[in-house]
2 protein chains.
Amino acid sequence: MKLAEKKDTKTHILDVAERHFAIYGFAGTTLRGIIKEADVNVAAVAYHFGSKEDLYSAVIERFAKPVVEEQLSRLRKEIVKRNVKLTNILTAFYEPPIALIKSMGKRGATLSLFLGRCQTEQEPIYSMIDKHFAPCRDQFLLAMRQVLPGLSKKDYHWNFEFMLSLIVCFLTRQQVISKRYTANENWQVDDVVSRLVGFCTAGMQDSK
Amino acid sequence: MKLAEKKDTKTHILDVAERHFAIYGFAGTTLRGIIKEADVNVAAVAYHFGSKEDLYSAVIERFAKPVVEEQLSRLRKEIVKRNVKLTNILTAFYEPPIALIKSMGKRGATLSLFLGRCQTEQEPIYSMIDKHFAPCRDQFLLAMRQVLPGLSKKDYHWNFEFMLSLIVCFLTRQQVISKRYTANENWQVDDVVSRLVGFCTAGMQDSK
DNA sequence: GTATGATTCAATCAATTGATTGAATTTTTG
DNA sequence: CAAAAATTCAATCAATTGATTGAATCATAC
């Protein structure tokens with residue numbers, strides 16, 4: 001950090017912590033690993049955030065909030081329309097996180113991992129995560145009921161879980177896959193979204 | 001452990017380690033947590049397995065091997081047929097792990113978690129995992145080429161990843177979901193397999 | 001300028017971590 | 001039974017963990 005010097009310490013810690021939590025998980029991340037890379041004092045974490053747990057919470061807060069808000073905003077615009085379509089609901093769900101991650105370049109890549117990894121964290125992390133995503137999940141479940149009438153409650157839930165798992169799959173595997181099979185790590189938002197929407201639409205509607 | 005006394009120490013450690021790795025991940029698991037629950041000496045781990053890493057390897061070995069072997073065996077029986085169908089390939093992939101887990105009762109539930117969680121482990125764990133599943137993955141990729149001609153290499157890979165993600169989703173979320181929405185945690189192998197096969201077949205074939 | 005509050009720092013805490021040692025014990029072998 | 005091998009044990013190691021303290025430094029307001 002030479003020019004544009006002295007990014008605010010709190011933000012700096014947050015940035016590094018985000019990457020560490022994404023890569024190593026909550027248990028695998030050490031405060032010392034973070035503060036060493038961020039080049040700050042250990043006490044700074046306690047001062048600005050409190051505990052390791054609080055730090056994790058701050059990381060989630062910063063990144064999940066804008067995604068969920070955008071998803072819900074997009075969803076609201078869809079469900080007021082006369083005849084909502086499943087593809088539009090799914091696009092409203094998939095595009096915000098994908099677009100955000102794409103726009104963030106390298107940081108986006110670690111956020112991908114974070115999003116995938118945080119789904120398998122234990123308590124108390126799990127509740128922390130769920131708190132942020134539960135309202136969004138419920139809204140989309142309701143919307144699916146509109147566009148896919150006649151399914152059982154169980155069907156809705158599994159459809160939603162599958163929908164979620166596809167994006168988590170993309171987010172966590174994208175780097176691995178493109179490294180394994182291609183020289184080119186580039187991907188386009190529209191390609192990915194339409195791939196996800198396509199697979200999921202078919203799965204939900206045409207599943208015999 | 002009162003009757004049927006004295007399960008072999010090595011197996012005993014393996015059982016407890018399996019559950020701990022499943023729940024807490026590699027980093028979150030402590031040898032002391034394991035040996036305390038298994039009621040054995042710390043040195044027993046070193047004696048029977050070596051390091052913590054070696055122990056993890058032993059856990060994978062024991063559980064992944066029979067699954068992969070059964071998957072490949074089922075696959076071989078399918079691809080010799082005159083006209084292979086996608087549904088049959090998918091069933092060959094999905095049924096073995098699902099059936100195994102179901103047959104194992106409570107231990108199966110933790111194995112579910114393990115299978116899901118191990119997918120997001122870091123090196124050197126990741127390579128350990130990949131080593132066991134890579135041959136299987138390659139075989140199924142080849143088979144998909146037979147039943148879904150005309151797709152790009154990229155398409156095959158993402159289809160395979162999505163196929164994988166659906167079962168990982170089921171394995172890791174099943175307990176959470178059924179706890180959230182129903183009183184009944186029971187599920188039938190055939191129901192689950194046909195749900196997975198149905199969703200995935202549609203996603204692969206009818207994706208516009 | 002100086003006082004007040006915000007921030008950073010080095011030093012240290014007790015607890016836990018994976019791992020190892022060598023003796024004690026059990027089991028197997030001849 | 002006795003020798004040998006396999007297994008278990010308590011004790012301990014150095015390293016790392018999250019967290020805290022009180023002094024030092026910085027920024028801001030008056």
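Below, chain A is the first sequence line, B the second, and so on; all start at residue 1. As the structure is a prediction and not an experimental result, all values here were calculated from the model.
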(request) Check the pair Phe160(B), Phe140(B) against ring pair (Phe, Tyr, Trp, His ring centres under 6.0 Å), reporting the backbone distance first and the verdict last. (result) CA-CA 8 Å; Phe160(B) 179 83; Phe140(B) 275 89; 7.2 Å; no
Can you tell me how far [atom2] of [N] sits from [atom1] of [X], to the nearest Å?
X: Asp39(B); N: dT8(D); atom1: CG; atom2: C1'; result: 12 Å
X: Ile35(A); N: dA10(C); atom1: CD1; atom2: C1'; result: 12 Å
X: Lys52(B); N: dT16(D); atom1: NZ; atom2: C1'; result: 13 Å
X: Lys36(B); N: dT17(C); atom1: NZ; atom2: C1'; result: 15 Å
X: Asp54(A); N: dT20(D); atom1: CG; atom2: P; result: 10 Å
X: His20(A); N: dG18(D); atom1: NE2; atom2: C1'; result: 16 Å
X: Ile13(B); N: dT7(D); atom1: CD1; atom2: C1'; result: 11 Å
X: Arg32(A); N: dA15(C); atom1: CZ; atom2: P; result: 16 Å

(message) Taking any heavy-atom pair under 4.0 Å as a contact, classify Ala46(B): base, sugar-phosphate, or nothing.
(response)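 Counting heavy atoms under 4.0 Å across all strands, the contact made by Ala46(B) includes a base.
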(message) Using a heavy-atom cut-off of 4.0 Å across all strands, would you classify Ala44(B) as base, sugar-phosphate, or nothing?
(response)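 Contact class for Ala44(B): none.
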(request) Select from Ala43(A) and Tyr47(B) the residue whose nearest nucleotide in DNA chain D is closer to the 5' end of that strand. (result) Tyr47(B)
Report yes if at least one side-chain N or O of [X] is closer than 4.0 Å to OP1 or OP2 of [N]; otherwise report no.
X: His48(B); N: dA6(D); value: no
X: Thr30(A); N: dT16(D); value: no
X: Thr9(A); N: dT8(C); value: yes

(request) Among the candidates dA19(D), dT8(D), dA19(C), find the nucleotide nearest to the side-chain atoms of Leu31(A). (result) dA19(D)
(request) Check every atom of dG18(D), dA10(D), dA19(C) against the side chain of Asn41(B) and return the nucleotide holding the closest atom. (result)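 Selected nucleotide: dA10(D).
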(request) For the residue pair Phe21(B) and Phe26(B), categorise the inter-ring angle as parallel (less than 30°), tilted (30 to 60°) or perpendicular (more than 60°). (result)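 Rings of Phe21(B) and Phe26(B): parallel, as their planes differ by under 30°.
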(message) Could you check whether Glu69(B) and Ser73(B), counting side-chain N and O atoms only, form a donor-acceptor pair closer than 3.5 Å?
(response) no
(request) Answer yes or no: are there more than 12 heavy-atom neighbours, outside Tyr24(A) itself, under 6.0 Å from its atom OH? (result) no
(request) Measure from the ring center of Trp158(A) to the ring center of Phe170(B) and say whether it is less than 6.0 Å. (result) yes
